[in-house]
Each structure stands twice: as C-alpha cells, then as structure tokens.
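Accompanying notes for the structure given below.
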Amino acid sequence: MALLYINFNGEIIPADSKVLSVANRSFKYGDGLFESMRMLKGCLSLPTYMPTACSAA
C-alpha cells in the first residue's frame, strides 16, 4: 500500500499523523473557513472581473 501524505499548515506529513487535539477550537465547535461557488446550468458563476467557467457539454 502506498504511503499517503497531507499538507498541514504548509508542512507535508504522513496522513496517519495526529494533528488535532480535543482542545482545538475547530474540533470542539465545528467552525472553520471554507469556500462556496455558485454553479448555474453547468456554468460556474464568477465575479464580473473573472471569466465564466462552463463545463463541456
């Protein structure tokens, strides 16, 4: 089986490493940072300063 690695805060470490403790706020409260993107009829709706990205039909 191949070794798996993750990028944790800019450091490449083995995927089975323990990186979070129960004292971690994100772990305790489930908060964090994420991004959402809007897609309509196969087209990614981007801000006006970026081109529209559509999936090939």
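Just so we're clear, the structure is a prediction, and the values are computed from it rather than from any experiment.
Listed by first and then second residue, the salt bridge (charged side-chain N to carboxylate O under 4.0 Å, His left out) pairs involving residues 12-30 are Arg25-Asp31 (not counting sequence neighbours).
Residue Ile13 comes nearest to Ser17 through the heavy atom pair CD1-CB, 4.0 Å, listed as atom of the first residue, atom of the second, then distance.
By the side-chain contact (heavy atoms from CB on, under 4.5 Å) test, Ala23 pairs with Ser21, sequence neighbours left out.
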